[in-house]
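Here the structure comes first, spelled out in structure tokens, and everything after it is commentary.
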Amino acid sequence: IDRGASLKELSQYPAENEILFPPRSYLEVDGASRIEVGEDGQMLRVVKLKVNANVTSSTVEELEGGRRQHFISAGEHTVREIKSKLTALLESDEVEAVLAHRLPDRAYKRHEGMYASIIAESETWLELYKAKGAEWFNDEWHFARATRELTKLEIMSLDKFKYWMEVVSHDSASKKMEMVSREIESEMKRKLRQLMEKGYAEDAAWRRLPSVVSWGPLGHRASLRMGKG
């Protein structure tokens, strides 16, 4: 495999003694160099070389597909993590406590349906990216979008299951993970807005309380605001 093939019989210039070497071949020094005198009298350093065909190095196709391969491997690992964590959650005391107060969910095994829907959606998501070629992943915008989705996949999966635990709804399993995440985010914003409004109202009420002016022991004027109690 470290030897080339002569193209002398096929070449348009047979005097050149062209040699064809295998793909991914390298030249490496074989032994010490020597000094010779050329035909024109000049001194020449002669370095003996040999061909080394490295069949284990990556091809161009493999290099171009490396980003896709790494992404798919990361996606498969994430789906396995989702299955593992959801299985542990499914068998936890938390879920058992929820089912104890929601008998219809236990009867219709909605917790198991939720688990199955999340796994199916995660695997479908991964299959969509497996169907894409290396060129798609080598586009920076495409790869950035896919990476953002991958980083959120596990979080959205667990959020959807916890959504079923906290919200009594018979159609939770039919909702997409992204939709559930939006509902959770919207609910968090609503609660935050209520807390802010409550704080503003309490501050306004405090400002409306009457003040009592008194003189301190050193004659300094002090203003005290009266509150309850």
Side-chain angles (χ1 to χ4, degrees), residues 67 70-72 74-132 136-137 139-209 225 227-229:
R67 179 178 283 186
H70 293 156
F71 180 87
I72 297 301
E76 291 173 342
H77 173 74
T78 299
V79 172
R80 287 194 296 269
E81 283 292 304
I82 291 172
K83 290 180 179 179
S84 176
K85 291 183 178 182
L86 285 182
T87 299
L89 192 57
L90 195 66
E91 300 171 353
S92 67
D93 294 337
E94 296 177 76
V95 171
E96 185 60 31
V98 171
L99 294 174
H101 296 88
R102 286 155 59 174
L103 298 182
D105 283 8
R106 183 189 294 275
Y108 290 105
K109 297 183 178 180
R110 287 176 180 149
H111 55 305
E112 296 180 4
M114 176 62 71
Y115 170 89
S117 71
I118 294 172
I119 298 303
E121 188 175 351
S122 300
E123 291 178 340
T124 299
W125 175 88
L126 182 58
E127 290 301 321
L128 289 175
Y129 282 107
K130 283 184 176 181
K132 299 183 184 298
W136 191 93
F137 286 92
D139 182 278
E140 296 299 331
W141 290 102
H142 290 166
F143 186 70
R145 188 190 74 184
T147 302
R148 284 195 301 269
E149 292 182 7
L150 177 60
T151 55
K152 295 191 299 183
L153 183 62
E154 183 175 335
I155 296 174
M156 290 195 303
S157 299
L158 297 177
D159 282 348
K160 182 176 178 179
F161 196 91
K162 293 177 181 179
Y163 175 85
W164 165 79
M165 296 174 63
E166 297 173 1
V167 179
V168 180
S169 175
H170 66 279
D171 64 341
S172 298
S174 63
K175 294 182 178 180
K176 297 295 184 181
M177 290 190 291
E178 187 173 359
M179 181 185 297
V180 172
S181 293
R182 289 177 180 174
E183 290 185 11
I184 293 174
E185 183 178 358
S186 177
E187 179 63 17
M188 291 177 62
K189 288 182 178 179
R190 186 187 66 82
K191 291 181 178 179
L192 178 60
R193 187 166 55 252
Q194 286 181 340
L195 289 174
M196 292 176 65
E197 291 174 353
K198 182 180 179 182
Y200 293 150
E202 291 178 350
D203 183 67
W206 172 257
R207 291 178 182 276
R208 288 195 298 268
L209 292 175
R225 193 173 297 277
K228 293 182 180 180

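- A salt bridge links Glu140 with Arg67; the closest basic N to acidic carboxylate O contact falls under 4.0 Å.
- Comment: Glu94 does not engage Lys162 in a salt bridge, judged by the lack of any side-chain N to carboxylate O separation of less than 4.0 angstrom.
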Go through it in stages, so that I can follow the logic: the residues are Arg106 and Glu96, the test is side chain to side chain contact (heavy atoms under 4.5 Å, CB included), and I'd like the CA-CA distance, side-chain angles, deciding distance and then a yes or no.
CA-CA 9 Å; Arg106 183 189 294 275; Glu96 185 60 31; 2.8 Å; yes

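- One distance of note links CD1 of Ile118 with CD of Glu121; it measures 8.0 Å at 0.5 Å rounding.
- Atom OG1 of Thr78 is separated from atom CD of Glu149 by 12.5 Å, given to the nearest 0.5 angstrom.
- Considering all non-hydrogen atoms of both residues, Ala97 and His101 come closest at O-ND1, 3.0 Å.
- Separating the CE atom in Met156 from the CD1 atom in Ile82 is a distance of 8.5 Å, to the nearest 0.5 Å.
- Shown here is Glu178, whose CD atom has no more than 12 heavy atoms of other residues, nucleotides or ligands within 6.0 Å.
- Every residue two or more places apart in sequence or in another chain was checked for a salt bridge (Lys or Arg N to Asp or Glu O under 4.0 Å) with Arg80, and none qualifies.
- Here the closest heavy-atom approach between residue Leu150 and residue Gly75 is recorded as CD1-CA, 3.8 Å.
- Shown here is Asp203, whose CG atom has more than 12 heavy atoms of other residues, nucleotides or ligands within 6.0 Å.
- Scanning both residues, Leu90 and His111, for their nearest heavy atoms gives CD1-O, 3.6 Å.
- The CZ atom of Arg110 lies 10.0 Å from the CH2 atom of Trp164; values are rounded to the nearest 0.5 Å.
- Here the CE-NZ distance, from Met179 to Lys160, works out to 9.5 Å after rounding to the nearest 0.5 Å.
- Residue Ser157 comes nearest to Leu86 through the heavy atom pair O-CD2, 4.4 Å, listed as atom of the first residue, atom of the second, then distance.
- Evaluated for a salt bridge (Lys or Arg N to Asp or Glu O under 4.0 Å) with Lys83, the options Glu123, Glu154, Glu76 yield exactly one hit, Glu123.
- Without hydrogens or angle criteria, Ser92 side chain to Leu89 main chain gives a donor-acceptor distance under 3.5 Å.
- Looking only at side-chain heavy atoms (C-beta outward), His142 and Lys132 stay at 4.5 Å or farther from each other.
- Interatomic distance, CG of Leu192 versus CD of Glu197, reported as 10.0 Å (0.5 Å rounding).
- By the ring-ring contact (aromatic ring centres under 6.0 Å, His included) test, Tyr129 pairs with Phe71, Trp125, Trp136, sequence neighbours left out.
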